[in-house]
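Before we start, here is the structure in question, set down as structure tokens.
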2 protein chains.
Amino acid sequence: MTQNQTQMEKLKDITFYTMDKAIRTYRIFAQKRLRDNGYKITIDQWLIIKAILENPGISQQEIGEKVFKDNASVTRIIELLVKSEYLEREVNQNDRRKSNLKVTVEGKRIIEKVHDLVLENRKTALAGILPEELEILNKTLKRIISNCN
Amino acid sequence: MTQNQTQMEKLKDITFYTMDKAIRTYRIFAQKRLRDNGYKITIDQWLIIKAILENPGISQQEIGEKVFKDNASVTRIIELLVKSEYLEREVNQNDRRKSNLKVTVEGKRIIEKVHDLVLENRKTALAGILPEELEILNKTLKRIISNCN
DNA sequence: AATATTTATTTGATATATCAATTATTGATT
DNA sequence: AATCAATAATTGATATATCAAATAAATATT
């Protein structure tokens, strides 16, 4: 076995662990910053409101595809968002299986307020990483996604 | 704003989404392969048994650090592993707050059997990715981790 | 030695993930 | 129109994540 292959094996061994750790570290970091600024919303909830705002009339199924979540998870997150009064839901009269989701004024307000914080978080998290590196990161992640499908 | 900066912004916007999607796609893929091969164990459970095998006498706290999990999660995963009879636990007589964790014969058996499958999964998931790219991936992920701490 | 502090683990509460099964509705088939 | 198949969302069960609080034991302090 060549030196290069040995090194490859080690990297393979840790890549998924490091990926998991990175995304988890970022989540904890971002969530803490939300909490510290007094926002009572989770990152996942924020993502879903944003998806609805940017895609009026979107169905829960489509939300799930967009934010890469299971239908069951979407249902439950939306329940919480309705309870928190960031969303309103009605039965869709064209297709009674679906629901119409509307972001409330309060929901729009929190999305806007949180938006700058999210941008800051991303900036902090990616500080010192070169554009080329970021591109390779994205490209490689996409390759992993397609390899697993 | 230069072209380069604009592009940077877009990449920043999607990087965390793509990371999340990649790790989740891999998890689903790997877990499905375990299930399809008749193994009744989750990836997280497998990781924890492995940590104990490779580090005899390890405490739950240390396990948590190693596999990057909260103490509470470790406690609950270990409960399940004891119930599944892959682990045995006793009170540590040197420090009665800690517990001694021992992998059972059955536990060792499943780790070994699953090991090849895990290697295959990683190979499949990383197919077509160059060593240099993998290195940049790892380096960049580590930078994100340190940036968030 | 008694008290206070620290540490390891557990427990409770709440959110999310995943799969399977169910419900309600719609669209297609006969 | 009645039946069947497909689809959207929900629900149930179980696993994990996260934080805070509680418990129990060890260590440090007075």
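Model, not experiment: these values are computed from the prediction. Below, all heavy atoms of this structure are taken into account, side chains as well, without hydrogens, waters or symmetry copies. Here is the naming used below: chain letters follow the sequence lines, and residue numbers restart at 1 for every chain.
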Figure out the CG/C1' separation between B:Asp70 and C:dT9, and round it to whole Å. 11 Å
May I ask you to decide if B:Ile28's main-chain N or O and B:Gln31's side chain share a donor-acceptor pair within less than 3.5 Å? no
The residue, B:Ala72 or A:Lys69, whose nearest nucleotide of DNA chain C is more 5′ is B:Ala72
Salt bridge check, B:Lys123 against B:Glu120: does any charged N sit closer than 4.0 Å to a carboxylate O? no
Residues from residues 19-38 of chain B lying under 4.0 Å of DNA chain C - heavy atoms: B:Arg24, B:Ile28, B:Arg35
Is it the case that the side chain of B:Asn92 and the backbone of B:Asp95 share a donor-acceptor pair, with hydrogens and angles ignored and the cut-off at 3.5 Å? yes
Any salt bridge between B:Lys50 and B:Glu54, counting N to O under 4.0 Å? yes
Between A:Asn37 and A:Arg33, is there a donor-acceptor pair closer than 3.5 Å when you use the side chain of the first and the backbone of the second? yes
A:Arg89 and A:Gln60: CA distance, side-chain angles, deciding distance, side chain to side chain donor-acceptor pair (under 3.5 Å) verdict: CA-CA 11 Å; A:Arg89 92 194 308 179; A:Gln60 291 187 198; 2.4 Å; yes
Atom-pair distance (CD1 on B:Ile78; P on C:dT10), nearest Å: 7 Å
Taking the side chain as every heavy atom from C-beta outward, state whether B:Ile49 and B:Leu81 have any pair of such atoms under 4.5 Å apart. yes
Rounded to whole Å, please give me the gap between CG in A:Asn71 and C1' in C:dA21. 14 Å
Quick one, which residues of residues 89-97 of chain B touch DNA chain C with a heavy atom under 4.0 Å? B:Arg89, B:Arg97
Between A:Tyr86 (side chain) and A:Leu80 (backbone), is there a donor-acceptor pair under 3.5 Å? no
Under the salt bridge (charged side-chain N to carboxylate O under 4.0 Å, His left out) rule, what do B:Glu79 and B:Arg76 come out as? Steps first, then yes or no, please. CA-CA 5 Å; B:Glu79 267 169 27; B:Arg76 279 154 189 155; 5.8 Å; no
Residues within residues 56-67 of chain A bordering DNA chain D, heavy-atom distance below 4.0 Å: A:Ser59, A:Gln60, A:Gln61
Does some side-chain heavy atom of B:Ile145 sit less than 4.5 Å from a side-chain heavy atom of A:Thr18? yes
To the nearest angstrom, how far is B:Trp46 atom CH2 from D:dT16 atom P? 15 Å
Ignoring hydrogens and geometry beyond distance, is a side-chain donor-acceptor pair present between A:Asn138 and B:Thr15 at under 3.5 Å? yes
Does one hydrophobic cluster hold both B:Leu87 and B:Ile110, with members joined at side-chain heavy-atom distances below 4.5 Å? yes
According to a hydrophobic-cluster definition based on side-chain heavy atoms being under 4.5 Å apart (Ile, Leu, Val, Met, Phe, Trp, Tyr only), do B:Val118 and B:Ile77 belong together? yes
Using five pairs at each end of the helix from C:dA1-D:dT30 to C:dT30-D:dA1 to define an axis, what is the angle between those two axes, to 10°? 0°
If you check every side-chain atom of B:Ser73, which of D:dA9, D:dT16, C:dT10 has the closest atom? D:dT16
Counting only N and O atoms by type, is there a donor-acceptor contact under 3.5 Å from the side chain of B:Glu133 to the main-chain atoms of B:Leu130? yes
Taking the side chain from B:Ser73 and the backbone from B:Lys69, do they hold a donor-acceptor pair closer than 3.5 Å? no
What protein N or O atoms touch nucleotides 13-15 of chain D N or O atoms at under 3.5 angstrom, if any, and at what distances?
unit_1	atom_1	unit_2	atom_2	d
D:dA13	N6	A:Arg76	NH1	3.3

Answer yes or no: is there a donor N or O on one side and an acceptor on the other, between the side chain of A:Thr104 and the main chain of A:Glu85, under 3.5 Å? yes
Write down the distance between CD (B:Glu79) and P (C:dT11), rounded to a whole number of angstrom. 6 Å
Between the protein and nucleotides 3-5 of chain D, list the N/O to N/O atom pairs that are separated by less than 3.5 angstrom.
none

Does B:Asp20 pair with A:Arg24 as a salt bridge, N-O distance under 4.0 Å? no
Which residue is it: B:Asp36, B:Ile41, B:Thr42? I am looking for the one with a side chain to side chain contact (heavy atoms under 4.5 Å, CB included) to B:Tyr39. B:Ile41
